[in-house]
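Computation of the quantities below employed the complete heavy-atom set of this structure, encompassing side-chain atoms and omitting hydrogens, waters and symmetry-equivalent molecules. In this chain, numbering begins with 1 at the start of the sequence shown.
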Amino acid sequence: GDFIKLSFKEKSLGPVSSSVSGPVGLFGAVKSILDSKSQHVVLILFELSALLSLSLAFMNLLPIPALDGGRLVFV
């Protein structure tokens with residue numbers, strides 16, 4: 001949310017595009033979590049997987065015809 005607010009404030013897509021990553025970025029994030037040697041590694045990985053699951057659910061419900069949200073709109 002903060003990246004989107006900053007993007008509107010700066011009138012630029014720079015903050016949002018710098019915070020988005022793909023599979024390689026996810027691998028880097030998981031690797032840095034595992035390398036941190038924290039005692040809460042499992043909890044942090046569960047939080048990361050929950051965040052990924054919620055973001056995929058949100059994207060899937062968008063009213064785009066190929067996604068489930070598009071089917072919801074047609075129904």
Rounded to the nearest 0.5 Å, what's the gap from CG on N60 to CG on L56? Could you check? 8.0 Å

Between S55 (side chain) and L51 (backbone), is there a donor-acceptor pair under 3.5 Å? yes

Of all pairs that satisfy side-chain hydrogen bond (donor to acceptor under 3.5 Å, both in side chains), the ones with a partner from residues 38-48, not counting sequence neighbours: none

Listed partners of K9 passing salt bridge (charged side-chain N to carboxylate O under 4.0 Å, His left out), at least two apart: none

Any link between L48 and V41 through a network of hydrophobic side chains (Ile, Leu, Val, Met, Phe, Trp, Tyr) touching at under 4.5 Å? yes

With a 4.5 Å limit on heavy-atom distance, are the side chains of V42 and F46 in contact? yes

Evaluation steps, side chain to side chain contact (heavy atoms under 4.5 Å, CB included), between L54 and F58: CA-CA 6 Å; L54 287 173; F58 173 75; over 6 Å; no

Flag side-chain contact, heavy atom, 4.5 Å: L34 against V30: yes

